[in-house]
Structure formats: C-alpha cells, structure tokens
Peer 1: 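Here you go, one structure.
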Number of protein chains: 2
Amino acid sequence: MNMQTRRRISYACPMRDVLDRIGDAWSLLVMLELMKGPCRFNALARVVDGVSRRMLTVTLRNLERDGLVSREVLPCSPPSVEYALTPLGGSLQSALEGLRDWAVAHQPEINAHRRSYDARELA
Amino acid sequence: MNMQTRRRISYACPMRDVLDRIGDAWSLLVMLELMKGPCRFNALARVVDGVSRRMLTVTLRNLERDGLVSREVLPCSPPSVEYALTPLGGSLQSALEGLRDWAVAHQPEINAHRRSYDARELA
DNA sequence: CGGTATCCTATCCGATACTG
DNA sequence: CAGTATCGGATAGGATACCG
C-alpha cells in the first residue's frame, strides 16, 4: 500500500494506525525485549535477532515518537543511552504477550499446514 | 529485511514467523473481519477498507496456506466462494481482539504524543 | 558507545487488462 | 462473481562509511 492510499483510509480505520505502528518488522520484537527491562542501544542490537543498526534506530525513533518507548542519555563517557517502555508502552504488554504465546504454541501446526499446502500446489 | 536475512534468522526466532504471517498490511484486518463470520470474496473487498483485489487474493492465499482460513467454492452460478476462519484461525481471536481493543483505546493518546514529538522536532 | 548519511537494490503493491 | 497476469513506480531496508 502506498502512502496516498494509506492516508486516504487512515481516518476511516483505527486498526490501520496500530498496524502502521507495531505491524512493521521490528517494533514488536523490540518492545517484547524492552518488556524484560530497560536496555541500551547495542545490547538491543545484539539481542533482537537480525536487526541492522539502521533499522533499530528507525524503529526506536518511531516508538519514541508514539510515546511507547522513552530514551534517556546517561551523562557518562563513553556515552550510554537507555531505552525503556513508557507506561503507555507497558499497557501493550498483555496484548503482545498473548500474540507471542500464540505464535510459540502454534508454530509447529502452521508449518505443517504450509508444507502440506506447498506439496498440493506443486503436484 | 531481505529474504536471505529472513531465512537465516527464522529458525532462531519464533516471533519472526508470526510477524511474517500476520504482520503484513492486511492479514490482521482480514482475520478480524472473518471473526464476525464467513464471508465471500467481494464482500471482504468492500468491508476491508482500502484493500485492492490483488492484495486480498494474496492475503487470503497466504492465510489459507498457513491453515488459518478455509476456502470453499459453492457449486452455483455465478460462482460463489466463501472464506471462513479455521479452528486454528479462531485460536488467534482473543489475541487479535486484545490488540484491536488496545489500538482503539489508545489511539488518541498516541496521536497526541506524535503531534507533540513532531512539534519538538520541527522547533 | 550510539548513532547518521548515502547509496542502491529487492520487494511491495496499485493499476490495468483479461478470464472462466 | 472471483479471480489471474503483467507492468512499473514507490518504498523498505541492507551495506558501507563516517562522526561526536
């Protein structure tokens, strides 16, 4: 979906907003990490599997902009920046954990469906 | 994230899979619609705000492949195809509704954060 | 350590036209 | 009605290099 379409429908559909926010590749994973506690930039980069520093920066800025994550620069050298969930971000916790638990519980079943579907399609 | 990266990490991170599945632009909205009951193709196209027929087709195929949605061709003319949640798809219901309810409840607060952040950045 | 800036390509996806 | 096929512009995001 391009930006024109997105803007056109964003007022009509409240779900569109939450998807643009947490539906991207990394926001959800980053927030799940921060739910374990505050974390620094490079520590996040190591623990969020596969994220580039560029995308981690972009993701954190967006989460900060939405008020879901806070950013605190600690006055020391070398510089240290700590990210943490805000109360608003914390209010997402149970919903995200529900999603994660579903994902973990049903991953094998879904993969089985995929393999069987792919086998049918190739036949 | 490109496919090479995605494949490399997909085994290490179970959340990656669920995001590739429901994190795209339309899957979640389509499933929320189907939770109200079975629905036909063009009816879905009308009610899922902003979706093109192409993307609706792609989305439904992926959901079908994952075993989350079933597709039944009714033997009549003109052709009629009914989509419905499978039991596996239904098992996602409470998690998705939790997400949707959070989205609806906190949308005003998030938009306020955005406006205030943008105002600071422009200053 | 915690980022930015630039470049460049793979991918997404809407538009359009066509089919059974 | 319920799709599929193809095209092309827009965009996401990795790679790389650099900075306070």
Side-chain angles (χ1 to χ4, degrees), chain A residues 1-10 16 19-30 33-34 38-65 69-84 121, chain B residues 1-10 16 19-30 33-34 38-65 69-84 121:
Chain A
M1 181 166 40
N2 62 29
M3 282 313 289
Q4 285 70 30
T5 307
R6 183 158 298 181
R7 258 191 283 272
R8 179 160 42 76
I9 66 175
S10 67
R16 182 78 271 149
L19 287 176
D20 291 346
R21 191 144 18 240
I22 65 156
D24 72 276
W26 300 113
S27 293
L28 220 156
L29 293 174
V30 167
E33 269 311 308
L34 290 179
C39 195
R40 289 164 54 178
F41 184 85
N42 278 333
L44 274 176
R46 276 189 296 274
V47 76
V48 176
D49 210 354
V51 75
S52 65
R53 291 191 308 174
R54 192 179 102 83
M55 287 318 295
L56 184 55
T57 301
V58 170
T59 300
L60 286 168
R61 287 296 168 277
N62 283 331
L63 291 173
E64 192 191 353
R65 175 172 181 254
V69 160
S70 64
R71 175 177 184 273
E72 186 186 8
V73 181
L74 304 175
C76 63
S77 176
S80 171
V81 180
E82 190 157 273
Y83 292 92
E121 290 307 293
Chain B
M1 182 166 40
N2 62 30
M3 282 312 287
Q4 285 71 29
T5 307
R6 185 159 296 182
R7 258 191 283 271
R8 179 160 44 76
I9 67 176
S10 67
R16 182 78 271 148
L19 287 176
D20 292 345
R21 191 143 21 238
I22 65 156
D24 72 275
W26 300 113
S27 293
L28 219 156
L29 292 174
V30 167
E33 269 313 309
L34 291 178
C39 195
R40 289 164 53 178
F41 184 86
N42 277 335
L44 273 176
R46 275 188 296 274
V47 77
V48 176
D49 210 353
V51 76
S52 65
R53 291 192 308 172
R54 192 180 101 81
M55 287 319 294
L56 185 55
T57 301
V58 170
T59 300
L60 286 168
R61 288 296 169 274
N62 283 331
L63 291 173
E64 193 190 355
R65 176 171 181 255
V69 160
S70 65
R71 174 176 184 274
E72 186 186 9
V73 181
L74 304 175
C76 62
S77 177
S80 171
V81 179
E82 188 157 275
Y83 292 92
E121 291 307 293

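This structure is a prediction, so every number in the text was calculated from the model and none was measured. Note on naming: letters A, B, ... go to the chains in the order of the sequence lines (proteins, then strands), and numbering restarts at 1 for each one.
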Peer 1: Taking only heavy atoms on the protein side, list every residue of residues 55-65 of chain A lying under 4.0 Å from any atom of DNA chain C, sorted numerically.
Peer 2: A:Thr57, A:Arg61

Peer 1: At 10 degrees resolution, what angle do the end axes of the helix from C:dC1-D:dG20 to C:dG20-D:dC1 form when each is taken over five base pairs?
Peer 2: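 Roughly 50° between the end axes, to the nearest 10°.
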
Peer 1: Of the options D:dG20, D:dG14, D:dC1, whose atoms approach the side-chain atoms of A:Pro79 most closely?
Peer 2: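 Looking only at side-chain atoms, A:Pro79 lies closest to D:dG20.
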
Peer 1: Can you see if the side chain of A:Ser52 gets near the phosphate of D:dG14 - specifically, an N or O under 4.0 Å from OP1 or OP2?
Peer 2: yes

Peer 1: Nearest 0.5 Å, please: how far is CG in A:Leu56 from OH in A:Tyr83?
Peer 2: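 Reported to 0.5 Å precision, the distance equals 7.5 Å.
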
Peer 1: Output the rounded distance in Å from CZ (B:Arg40) to P (D:dG3).
Peer 2: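 The distance from CZ of B:Arg40 to P of D:dG3 comes to 10 Å, rounded to the nearest Å.
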
Peer 1: Who pairs with A:Glu33 by salt bridge (charged side-chain N to carboxylate O under 4.0 Å, His left out), at least two apart in sequence or on another chain?
Peer 2: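 Partners of A:Glu33 by the salt bridge (charged side-chain N to carboxylate O under 4.0 Å, His left out) criterion, ordered by chain and then number, come out as A:Lys36.
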
Peer 1: Using OP1 and OP2 only, check whether a side-chain N or O of A:Arg54 sits under 4.0 Å from C:dT6.
Peer 2: no

Peer 1: From the set C:dG3, C:dC1, D:dT6, return the single nucleotide nearest to any side-chain atom of A:Arg53.
Peer 2: C:dG3

Peer 1: Residues two or more places apart in sequence or in another chain: which of them pass side chain to side chain donor-acceptor pair (under 3.5 Å) with B:Thr57?
Peer 2: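 By the side chain to side chain donor-acceptor pair (under 3.5 Å) rule, B:Thr57 matches no residue at all.
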
Peer 1: Let me see the working for A:Leu34 and A:Leu44 under side chain to side chain contact (heavy atoms under 4.5 Å, CB included), right down to the final yes or no.
Peer 2: CA-CA 9 Å; A:Leu34 290 179; A:Leu44 274 176; 4.2 Å; yes

Peer 1: How long is the gap from OG on A:Ser70 to CD on A:Glu64, to the nearest 0.5 Å?
Peer 2: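 Atom-to-atom, A:Ser70:OG and A:Glu64:CD are 8.0 Å apart.
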
Peer 1: If we ignore angles and hydrogens, is there a donor and acceptor under 3.5 Å between the side chains of A:Asp24 and A:Ser27?
Peer 2: yes

Peer 1: Once side chain to side chain donor-acceptor pair (under 3.5 Å) is applied, do any residues pair with B:Arg46, and if so which ones, sequence neighbours excluded?
Peer 2: none

Peer 1: Could you tell me whether the phosphate oxygens of D:dG3, OP1 or OP2, come under 4.0 Å of any side-chain nitrogen or oxygen in B:Tyr83?
Peer 2: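 Yes, B:Tyr83 has a side-chain N/O under 4.0 Å of OP1/OP2 on D:dG3.
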
Peer 1: For B:Pro79 and B:Arg40, which heavy atoms make the closest approach, and how far apart are they?
Peer 2: O-NH2, 4.4 Å

Peer 1: What is the distance from CG of A:Asn42 to P of C:dC1, rounded to the nearest Å?
Peer 2: 5 Å

Peer 1: Would you mind reading off the distance between B:Arg46 atom CZ and D:dA2 atom C1', rounded to a whole angstrom?
Peer 2: 12 Å

Peer 1: My understanding is that only residues two or more places apart in sequence, or in another chain, count here; which of them pass side chain to side chain contact (heavy atoms under 4.5 Å, CB included) with B:Arg53?
Peer 2: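 If we apply the side chain to side chain contact (heavy atoms under 4.5 Å, CB included) test to B:Arg53, skipping adjacent residues, the hits are B:Phe41, B:Asn42.
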
Peer 1: Under 4.0 Å between a side-chain N/O of B:Arg71 and OP1 or OP2 of D:dA2, yes or no?
Peer 2: no

